[in-house]
Amino acid sequence: MPYLHLQQEPTMGYFGCGPGGRCTQCRRREEHLSIGEPATPTPSLRPSFTLECPAGCAPATAAQCSRILYQAIREAIRLATNAASKLDAVLSNTASPADVQKTVHEFRVAFGRNHPSKLFAGTSRPTGAVVAARFRALARELGGGRRITFRCLPVRPACADTDLTCCSPTTNAWTHPSLPNVVVLCPGFWSTTGSPGQPSQIYRAGTIIHETLHMLYLPNVPGTHPGRMRNAHCYRVFALRLAGYGSDPDILSQCQP
């Protein structure tokens with residue numbers, strides 16, 4: 001499938017892992033992500049991907065790798081679609097009072113905004129609509145909009161940020177602009193322990209959400225603080241907490257301006 005070229009939209013801005021150091025879930029090489037798009041309903045989506053994992057995905061057997069990844073992608077689509085739908089309902093005044101309260105609360109936790117209806121800086125577009133559009137774009141691309149290659153690479157203790165053939169011991173997944181449509185999965189991605197408040201499959205889905213955002217959006221200007229609206233950790237926090245899953249304290253701590 002040809003690579004889908006998405007153009008930068010000034011109201012959407014750029015994406016990144018947040019200020020300071022590497023991400024814990026992705027290798028913070030050059031933050032990059034292409035762009036979220038129109039506010040159209042997400043249809044029933046079917047993941048289309050290639051898995052390159054010749055050595056298997058221990059502790060699972062080699063025969064289980066593709067099924068585990070498929071389920072994680074489907075969970076990522078579900079979480080992203082749920083987040084977009086909840087925001088749409090708040091903005092259209094069709095959400096129940098309980099849903100409004102929860103969605104607005106989690107929006108404040110993740111993005112530091114008083115309300116999703118607050119206008120995005122310099123535009124007439126609600127901030128919640130921008131976030132919802134990004135989640136819908138993510139769900140469409142994971143659901144067959146492009147064929148993504150998931151590539152397993154080994155851990156090397158001295159793996160440098162510029163080395164595209166390995167993972168550092170603290171990295172679970174990463175993307176890089178010179179590897180279009182590729183998400184690298186490190187051994188930690190396949191762990192069965194998950195993280196606090198998150199079953200292993202939800203933890204993997206959150207990692208896929210994070211890395212897909214990096215794949216879709218353009219790079220940050222080096223040396224600048226991207227802010228929560230441009231921090232992939234914050235989108236992961238919002239999607240998972242909104243669906244009732246606790247947030248890993250380490251990931252939440254990286255959701256900062």
Side-chain angles (χ1 to χ4, degrees), residues 12-34 36 72 75-76 79-80 83 87 105-114 116 121 127-128 130-131 134-135 138 155 159-162 167-177 183-191 193-257:
M12 293 294 219
Y14 299 105
F15 248 102
C17 275
R22 288 185 182 178
C23 299
T24 56
Q25 301 308 313
C26 68
R27 174 173 299 184
R28 192 172 184 268
R29 302 170 183 278
E30 301 167 37
E31 278 89 22
H32 63 290
L33 280 138
S34 296
E75 282 293 338
L79 290 166
L87 286 170
H105 171 73
E106 299 302 350
F107 195 82
R108 287 171 177 161
V109 169
F111 300 107
R113 307 284 174 137
N114 291 331
T127 303
V130 174
V131 172
R134 290 173 174 174
F135 275 122
L138 182 155
V155 166
C159 185
D161 282 358
T162 54
C167 298
S168 70
T170 58
T171 302
N172 291 330
W174 55 264
T175 57
H176 192 274
V183 174
V184 170
L185 301 178
C186 305
F189 175 83
W190 304 100
S191 169
T193 58
S195 64
Q198 298 172 15
S200 56
Q201 201 68 329
I202 297 299
Y203 176 74
R204 295 184 191 113
T207 299
I208 289 171
I209 287 173
H210 184 114
E211 297 306 329
T212 303
L213 287 170
H214 282 301
M215 181 184 296
L216 295 182
Y217 290 84
L218 298 170
N220 275 308
V221 178
T224 63
H225 288 191
R228 291 188 184 184
M229 285 290 291
R230 302 178 179 92
N231 186 332
H233 288 293
C234 299
Y235 287 74
R236 174 178 180 159
V237 164
F238 180 68
L240 268 62
R241 286 175 62 101
L242 196 58
Y245 298 103
S247 181
D248 186 326
D250 184 55
I251 296 172
L252 184 58
S253 72
Q254 295 182 73
C255 173
Q256 299 295 331

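Each residue takes its place number in the sequence, starting with 1. What you see below is based on every heavy atom in this structure, not just the backbone, and it leaves out hydrogens, waters and symmetry mates. These numbers were taken from a predicted model, which means no experiment stands behind them.
Taking all atoms of both residues into account, the shortest heavy-atom contact from C186 to A173 is SG-N, 3.9 Å. Taking each heavy atom of A72 and A205 in turn, the nearest pair found is O-CB, 3.5 Å. Contact detail for G112 and R228: the closest heavy-atom pair is N-NH1, 3.2 Å. When all heavy atoms of S200 and S191 are compared, the pair lying nearest together is CB-O, 3.8 Å. A239 approaches I209 most closely through the heavy-atom pair CB-CD1, 4.2 Å. For the pair A80 and F135, the tightest heavy-atom approach, listed with the atom from each and the gap, is O-CB, 3.4 Å.
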Item to check | Pair H105-R241, side-chain contact (heavy atoms from CB on, under 4.5 Å): steps then yes or no | outcome: CA-CA 10 Å; H105 171 73; R241 286 175 62 101; 4.1 Å; yes

Item to check | Residue pair R236, T207: steps toward the side-chain contact (heavy atoms from CB on, under 4.5 Å) verdict | outcome: CA-CA 8 Å; R236 174 178 180 159; T207 299; 3.4 Å; yes

Next on the checklist: Walk me through whether F111 and E106 qualify under side-chain contact (heavy atoms from CB on, under 4.5 Å).
Outcome noted: CA-CA 8 Å; F111 300 107; E106 299 302 350; over 6 Å; no

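The aromatic rings of W174 and H176 lie perpendicular to each other, with more than 60° between the two planes, well past the 30° mark.
When side chains are defined from C-beta on, V183 does not count as touching I208, because their heavy atoms never get closer than 4.5 Å. Inter-residue side-chain proximity for F238 and R108 is flagged as unmet; no heavy-atom pair is nearer than 4.5 Å.
Considering CE of M215 and OG1 of T175, their distance stands at 6.5 Å, rounded to 0.5 Å. Summarising the geometry, atom CG belonging to N231 is positioned 8.0 Å from atom CD belonging to Q254; distances are rounded to the nearest 0.5 Å.
Proximity of the aromatic rings of F189 and Y203 is defined here by a centroid distance below 6.0 angstrom, and this criterion is not met.
A disulfide is assigned to C255 and C234, since their SG atoms are nearer than 2.5 Å.
Under the side chain to side chain contact (heavy atoms under 4.5 Å, CB included) test applied with P116, the options V131, T127, L87 reduce to a single match, L87.
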